[in-house]
Amino acid sequence: MSPEEHTVPERHPRYESLMLRERVIEQYEKGIVATAGLFAHGRGEAFDYLLGEKTQGQAIEAVEAAAAALLTSEYPVISVNGNAAALCAKEMIELSKMVDAKVEVNLFYRSEERELAIKRLLELHGATEVLGFGDAARIPALTSERRKVDPEGILRGDTVLVALEDGDRTEALTRLGKKVIAIDLNPISRTSKAASITVVDNVIRAVPALISMANKLKSKDREELAEILRNFNNSENLRAVIGSICRYLKSVCEDI
Ligand code: PTJ
């Protein structure tokens, strides 16, 4: 069922959130999003609620560090799954072109049909090369389907951007010495804690913010970008996010 067939009134106070939900349902019906992706989206919605559904200052700091990491990497790779494709395929491709990153389809609930559907969607939005379709390499010590990676993509990458990811792979990629940039609304997930840089924000806001930031930083020299990276501390940033959620909840409590 397409969003137009639904009747979410434009003046509904939760219009944007409901329309986003419709987009995920529509892409589920088209075979892009896994069934579990619907639940994952719901969990994200709950955390987004706690962030006031706005990009917080800590996320902007993380976006700056993430853009600096992508711009200084030798071989950046963007990993795309079903939910990320459903919510920001166009922006993921725009980002990949801006920072000269490879794009790889890598799924937890792997099926050939979904992989191809996601590839087609990415190509529709301008992707010229989508990795993840030849002979796969394996990430050691990982049992999920996400262990299968492209030798010319995630396996080779020095920086890997992942969105709506599971903790196991983030930990495994970090162990392999890769810099992992995660976009995850849950600041206490294993992914958030294991990543080198975690942007605690909704992908629909985080990826456009990354594009703008990369555009702003791309004229800076490597030393300035390296300085931005040195000044970023992921654990401190996550603690600050949790602190602002606590303050937000306290202010809500006072208003009740
Ligand atoms: O497409 P596949 O087969 O690779 O499967 C993708 C899902 C998302 C189903 C799979 O990776 C999964 O089960 O993920 P989890 O373990 O549910 O983790 C998803 C994380 O993403 C959770 O911490 C959510 O809070 C977070 N999340 C959900 N929606 C968003 C989000 N983070 C950023 N933006 C969102 N819109």
Side-chain angles (χ1 to χ4, degrees), residues 13-14 16-17 20-21 24 36-70 78-79 81 83-84 87-88 91-92 95 108 144 146 159-175 178-214 217 227-256:
R14 305 218 31 82
E16 279 175 29
S17 171
L20 211 56
R21 198 180 272 188
V24 175
L38 300 174
F39 295 90
H41 183 78
R43 178 152 40 159
E45 281 182 342
F47 279 103
D48 209 4
Y49 219 91
L50 299 180
L51 293 165
E53 294 170 316
K54 284 195 180 72
T55 300
Q56 301 294 322
Q58 297 86 10
I60 296 170
E61 283 170 24
V63 159
E64 189 182 32
L70 288 168
I78 298 178
S79 177
N81 65 14
N83 289 59
L87 293 173
C88 54
E91 293 79 5
M92 287 280 195
L95 178 65
F108 189 84
S144 79
R146 278 208 175 124
T159 298
V160 184
L161 185 146
V162 297
L164 291 99
E165 180 74 4
D166 64 287
D168 283 354
R169 191 168 68 141
T170 306
E171 286 168 357
L173 292 175
T174 308
R175 271 199 303 274
K178 297 176 192 298
K179 203 170 269 155
V180 179
I181 299 169
I183 303 174
D184 191 335
L185 277 161
N186 177 359
I188 55 171
S189 71
R190 277 187 308 133
T191 295
S192 289
K193 290 188 273 183
S196 328
I197 300 168
T198 306
V199 180
V200 182
D201 201 6
N202 199 316
V203 279
I204 58 143
R205 297 188 298 269
V207 182
L210 266 169
I211 294 169
S212 310
M213 190 62 82
L217 296 185
E227 182 67 15
I228 292 174
L229 270 177
R230 274 195 297 275
N231 288 337
F232 182 81
N233 179 309
N234 204 47
S235 309
E236 269 174 24
N237 190 275
L238 291 176
R239 276 194 286 271
V241 174
I242 296 163
S244 67
I245 290 177
C246 293
R247 280 192 298 282
Y248 176 65
L249 287 177
K250 198 161 171 280
S251 75
V252 172
C253 271
E254 283 160 5
D255 282 351
I256 290 173

* For Thr55, which residues count as a side-chain contact (heavy atoms from CB on, under 4.5 Å) partner, sequence neighbours excluded? ->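 Counting only residues at least two positions away or on another chain, Thr55 forms a side-chain contact (heavy atoms from CB on, under 4.5 Å) with Ala59, Ile60, Asp201, Arg205.
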
Would you call [X] and [Y] a side-chain contact if the rule is heavy atoms closer than 4.5 Å?
X	Y	result
Gln56	Val200	no
Leu238	Lys193	yes
Val241	Leu51	yes
Ser196	Phe232	no

* Run through Leu161, Val180, Leu229 and flag the one making a side-chain contact (heavy atoms from CB on, under 4.5 Å) with Ile197. =>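 So, applying the side-chain contact (heavy atoms from CB on, under 4.5 Å) to Ile197 and each of Leu161, Val180, Leu229, only Leu229 qualifies.
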
* Asked: Counting only heavy atoms not in Glu53, do more than 12 sit closer than 6.0 Å to its CD atom?
  ->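 For Glu53, atom CD is crowded (more than 12 foreign heavy atoms under 6.0 Å).
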
* Asked: When you look at CD1 of Ile188, are more than 12 heavy atoms from neighbouring residues, nucleotides or ligands closer to it than 6.0 Å?
  ->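 No - once you tally the heavy atoms of other residues, nucleotides and ligands closer than 6.0 Å, there are 12 at most.
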
For [X] and [Y], work out which heavy atoms get closest and say how close.
X	Y	answer
Gly44	Leu185	O-CD1, 3.3 Å
Thr174	Ala194	OG1-O, 3.4 Å
Asp184	Ser192	CB-OG, 3.6 Å
Leu217	Ala67	CD1-CB, 4.0 Å
Val203	Cys88	CB-SG, 4.0 Å

* With distance as the sole test, does Asn234 use its side chain to make a donor-acceptor pair with the main-chain N or O of Ala195 at under 3.5 Å? ->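 Checked: pair present.
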
* **Basic-acidic side-chain contact under 4.0 Å: Arg239, Glu236** =>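 Between Glu236 and Arg239 there is no salt bridge, as every charged N stays at least 4.0 Å from the carboxylate O atoms.
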
* Pair Ser79-Arg146, side-chain donor/acceptor within less than 3.5 Å ->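 Their side chains do not contain a donor-acceptor pair, so the 3.5 Å distance test is not met.
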
* Drop me the distance from Asn202's CG to Asp48's CG, to the nearest 0.5 angstrom. =>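 The CG atom of Asp48 is 4.5 Å from CG of Asn202, to the nearest 0.5 Å.
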
